[in-house]
Amino acid sequence: MITHFVVPEMLPDTIKQRLITWLEEHRELVVLVFCLPASFLFTLLLKVRAWLRRLGGGQQHEVAVREIQRRVQDWNKLPAKERRLLCTSRPNWLSLSTTFFQKHLHHRVPIPLYEILELDEQAMTVKVEPMVTIGDITEYLIPRGYSLAVTIELVDATLGGLAFGTGMSTHSHKAGLYHETITSYEVVLSDGSLVTATADNEYADLYKALPWSHGSLGFLVALTLRIVKIKPYIKLKYTPVSGQKNYCDMLRNLSGANEAKPSVHPDYIEGTIFSRDRAVIMTGDYSDYDPKLPVNHCAKWFKPWFYKHVESFLAKGETVELIPLRDYLLRHNRPIFWVVEDMLSFGNDPIFRSLFGWLLPPKPAFLKFTTTPGVRAYTFTKQVFQDIVLPIAELEKQIEIASILFEKFPLLVYPCKIIDHGSSSGQLKRPDKKYLVPGTNYAMYNDLGVYGVPGKVKAKKPYNPVAAMREMEKFTREVGGYSFLYADIFMTREEFCEMFDLSLYEEVRKKYKAEGAFPHLYDKVKPEIDVFAIGEQNAIQG
Ligand SMILES: Cc1cc2nc3c(=O)[nH]c(=O)nc-3n(C[C@H](O)[C@H](O)[C@H](O)COP(=O)(O)OP(=O)(O)OC[C@H]3O[C@@H](n4cnc5c(N)ncnc54)[C@H](O)[C@@H]3O)c2cc1C
Ligand SMILES: NC(=O)C1=CN([C@@H]2O[C@H](COP(=O)(O)OP(=O)(O)OC[C@H]3O[C@@H](n4cnc5c(N)ncnc54)[C@H](OP(=O)(O)O)[C@@H]3O)[C@@H](O)[C@H]2O)C=CC1
Ligand SMILES: CC(C)=CCC[C@@H](C)[C@H]1CC[C@@]2(C)C3=C(CC[C@]12C)[C@@]1(C)CC[C@H](O)C(C)(C)[C@@H]1CC3
């Protein structure tokens with residue numbers, strides 16, 4: 001895929017074709033000598049930019065918010081014909097979605113809000129501006145002995161983006177999805193007014209509809225999040241399990257899907273599925289230093305990639321080690337879970353790691369910045385990036401279907417609590433009663449992560465990306481699950497409305513005059529390209 005952007009368009013076709021063939025044959029060399037150093041420089045440039053922004057001192061929160069309100073009021077004064085729908089001016093290449101929302105067709109409003117506003121140790125909350133990243137907040141909270149209740153593993157994700165998209169971590173079987181940890185949102189509505197929405201104030205309907213709204217109801221200018229107390233290490237136990245039912249049962253029991261026993265469920269749970277029949281289940285608890293246990297600084301650049309380290313326990317058997325909290329939270333960083341493996345097959349080689357490990361991972365923003373239409377088509381036809389929230393009771397079926405459709409391992413499993421908030425629950429459909437954990441108001445779901453080049457593509461077997469993804473989405477709808485909307489979706493509008501419950505959302509859009517001001521959720525997250533046509537062209541025929 002790299003080839004398409006290093007070959008200048010103006011070259012004669014024959015030379016261009018030869019160059020492309022050469023580059024494709026030496027793809028990994030191109031990644032090593034061009035892509036990784038360029039990504040490294042790009043990351044440095046972004047850091048300098050952030051540093052300069054800090055040096056300049058941010059605007060006072062109230063002043064910056066008034067400026068956003070003023071811009072929205074000015075937009076209201078435009079003649080109706082000139083009023084294009086509103087979105088933030090954050091460039092799409094900075095965002096962590098695989099789609100490229102067409103911001104240039106919209107009226108872009110800058111949201112220059114990068115500050116952490118207040119830590120309240122009594123209430124155990126932190127108030128932040130929306131462009132604060134996971135990197136910034138962990139840098140601030142961890143030395144003070146706290147962490148967000150749901151800290152996702154990608155340092156570049158913003159706290160606002162996660163609030164309006166969604167987020168989950170290996171602690172989500174206790175804390176739920178990221179939005180369950182948000183206690184209030186401050187939002188600028190389409191008329192320029194500023195409101196604070198909480199679960200029990202007059203804007204409770206807005207509070208419920210904001211998660212999974214992707215900026216289609218208003219501009220977020222501040223949010224308050226729950227925090228938890230931490231310890232310096234995670235005591236992590238790796239348990240290899242054979243037999244699909246065995247590892248699925250184990251994940252259900254550990255996460256509390258069958259019975260709620262909060263004191264016995266570990267703080268962190270993760271499953272890495274290496275084949276239909278073999279998995280390693282990881283359970284972690286906060287811990288102080290224990291001289292009896294080995295300490296593994298697994299995030300250091302010369303260490304084996306985490307999922308490879310995990311895989312080694314299939315042969316070694318059950319093992320316990322201490323992992324410093326930072327290393328635990330960053331465990332999937334260098335190989336971006338297992339995405340980098342498909343770009344650089346020798347990336348986990350000990351010699352490569354010792355010499356060049358520090359160059360990893362390539363920055364998602366760099367990869368997006370350099371994406372050409374050819375690369376974009378390649379990404380969704382020959383690769384798959386999906387996180388899907390599904391009832392854990394159906395875990396065996398999930399694994400069967402994903403392995404038939406994509407032949408891609410490892411698969412990622414994070415258990416996650418989905419709370420039934422009653423009749424007006426927002427965009428997430430209420431969990432089916434049969435999935436509720438007895439005596440509670442929640443059901444245990446899980447994230448199923450499928451990342452990389454499908455085995456069928458590698459083996460040049462028949463593969464139609466659109467048909468495969470639509471099959472996966474159909475299954476998701478049938479069991480009452482939800483697709484993460486940062487990823488490409490292949491549903492029609494009707495199918496989308498079947499997967500999500502948009503009744504409260506549509507009411508809220510009318511009531512707070514988002515209609516005609518912000519794009520509709522479906523329009524905001526649907527792929528910007530004609531996936532059906534491109535998918536058909538790129539399907540591998542049998
Ligand atoms: C203790 C700790 C916990 C972390 N937890 C998470 C997490 O939960 N989820 C996640 O996605 N990422 C986590 N990280 C990673 C962290 O977000 C990134 O390392 C950092 O914020 C930005 O990375 P960088 O490569 O841009 O900058 P770097 O060059 O790695 O860091 C810039 C500077 O900030 C310091 N620093 C970086 N992160 C922290 C931190 N969290 N606490 C104290 N000082 C820090 C570094 O020592 C350095 O001086 C954690 C890091 C640390 C040290
Ligand atoms: N572990 C996990 O849970 C992971 C989750 N993700 C996903 O990544 C995304 C977060 O990435 P990030 O790059 O930070 O976010 P994005 O920039 O992709 O923003 C996500 C959505 O929220 C909207 N939005 C963001 N900030 C504001 C604001 N201040 N006001 C109004 N709307 C706003 C964006 O609208 P607009 O287009 O107008 O900017 C966009 O539609 C989420 O979608 C999340 O699901 C990714 C990785 C891991
Ligand atoms: C719930 C959990 C564990 C989520 C983890 C999700 C990550 C694996 C995803 C989130 C964003 C993500 C899809 C991304 C990519 C890889 C997988 C990521 C990092 C990449 C970098 C793959 C290459 C693509 O061309 C492109 C650059 C568009 C994307 C960007 C987002």
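For ligands, and for the atoms within them, numbers begin at 1 and follow the listed sequence.
- Across V150 and A175, no two heavy atoms sit closer than the pair CG2-CB, 3.7 Å.
- For the residue pair D387/Y486, the side-chain donor-acceptor check at 3.5 Å is satisfied.
- Atoms of ligand 3 found under 4.0 Å from any heavy atom of T379 (numbered from 1 in listed order, with element): 24 (C), 25 (O).
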Could you go step by step and tell me if E528 and R376 meet the salt bridge (Lys or Arg N to Asp or Glu O under 4.0 Å) rule? CA-CA 10 Å; E528 78 294 355; R376 173 75 174 105; 2.8 Å; yes
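- At a heavy-atom distance under 4.0 Å, atoms from both the backbone and the side chain of C87 approach ligand 2.
- V72 approaches L189 most closely through the heavy-atom pair CG1-O, 3.6 Å.
- Every heavy atom of H106 sits 4.0 Å or more from the atoms of ligand 2.
- Between H171 and Y268, the gap from one ring centroid to the other is short of 6.0 Å.
- If you check which protein heavy atom lies closest to atom 30 (N) of ligand 2, you get L220 N, 2.9 Å.
- Nearest heavy atoms, Y505 versus L521: OH-N, 2.9 Å.
- The contact set between ligand 3 and L367, taken as ligand atoms under 4.0 Å from a residue heavy atom, comprises 21 (C), 27 (C).
- Ring pair F219/F518: centre-to-centre distance below 6.0 Å.
- Between Y207 and T183, the shortest heavy-atom distance links the atoms CE1-O, 3.7 Å.
- By the 4.0 Å heavy-atom criterion, L96 is counted among the residues contacting ligand 3.
- When R90, E129, K524 are checked for heavy-atom proximity to atom 34 (C) of ligand 2, K524 turns out nearest.
- Not a single N or O atom of D156, backbone or side chain, sits closer than 3.5 Å to an N or O atom of ligand 2.
- Under the 6.0 Å cut-off for aromatic ring centres, H214 and F101 do not qualify, their centroids lying 6.0 Å or more apart.
- Backbone and side-chain nitrogen or oxygen atoms of L96 are examined, and one is located within less than 3.5 angstrom of a nitrogen or oxygen of ligand 2.
- Between T88 and ligand 2, a contact under 3.5 Å exists for at least one N or O pair.
- For H214, heavy-atom contacts with ligand 2 shorter than 4.0 Å involve the backbone as well as the side chain.
- Residue contacts with ligand 2: G218 is included, with a non-hydrogen atom under 4.0 Å away.
- By the 6.0 Å contact criterion, NZ on K103 is enclosed, its count of non-hydrogen atoms from other residues, nucleotides or ligands being greater than 12.
- Using a 4.0 Å cut-off between heavy atoms, F484 contacts ligand 2 through its side chain alone, with no backbone atom that close.
- No N or O atom of Y486 sits closer than 3.5 Å to an N or O atom of ligand 2.
- Counting heavy atoms closer than 4.0 Å to ligand 2, residue T158 contributes atoms from both its backbone and its side chain.
- Contacts of I336 with ligand 3, taken as heavy-atom pairs under 4.0 Å, involve the side chain alone.
- Near K368, the atoms of ligand 3 lying under 4.0 angstrom from a non-hydrogen atom of the residue are 27 (C), 28 (C).
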Full working for side-chain contact (heavy atoms from CB on, under 4.5 Å) between I418 and Y442: CA-CA 5 Å; I418 298 289; Y442 62 83; over 6 Å; no
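- Summarising the geometry of S97 relative to S95, their closest heavy-atom pair is OG-OG, 3.0 Å, with the distance given to 0.1 Å.
- For the residue pair E129 / H61, a side-chain donor-acceptor distance below 3.5 Å is found, with atom types taken as modelled.
- No side-chain donor from either of Y482 and Q427 sits under 3.5 Å from a side-chain acceptor of the other.
- Near A157, meaning under 4.0 Å from any of its heavy atoms, are these atoms of ligand 2: 14 (O).
- Each of the atoms 22 (O), 31 (C), 32 (N), 33 (C) of ligand 2 lies under 4.0 Å from some heavy atom of F164.
- By heavy-atom distance, the residue among F366, F385, Y378, F484 lying nearest atom 17 (C) of ligand 3 is F385.
- Close approach of ligand 2 to P130 (heavy-atom distance below 4.0 Å) involves ligand atoms 29 (N).
- Those atoms of ligand 2 that come under 4.0 Å of a heavy atom in L154, given as number and element, are 47 (C), 48 (C).
- Here's the thing with G165: none of its N/O atoms is less than 3.5 angstrom from an N/O atom of ligand 2.
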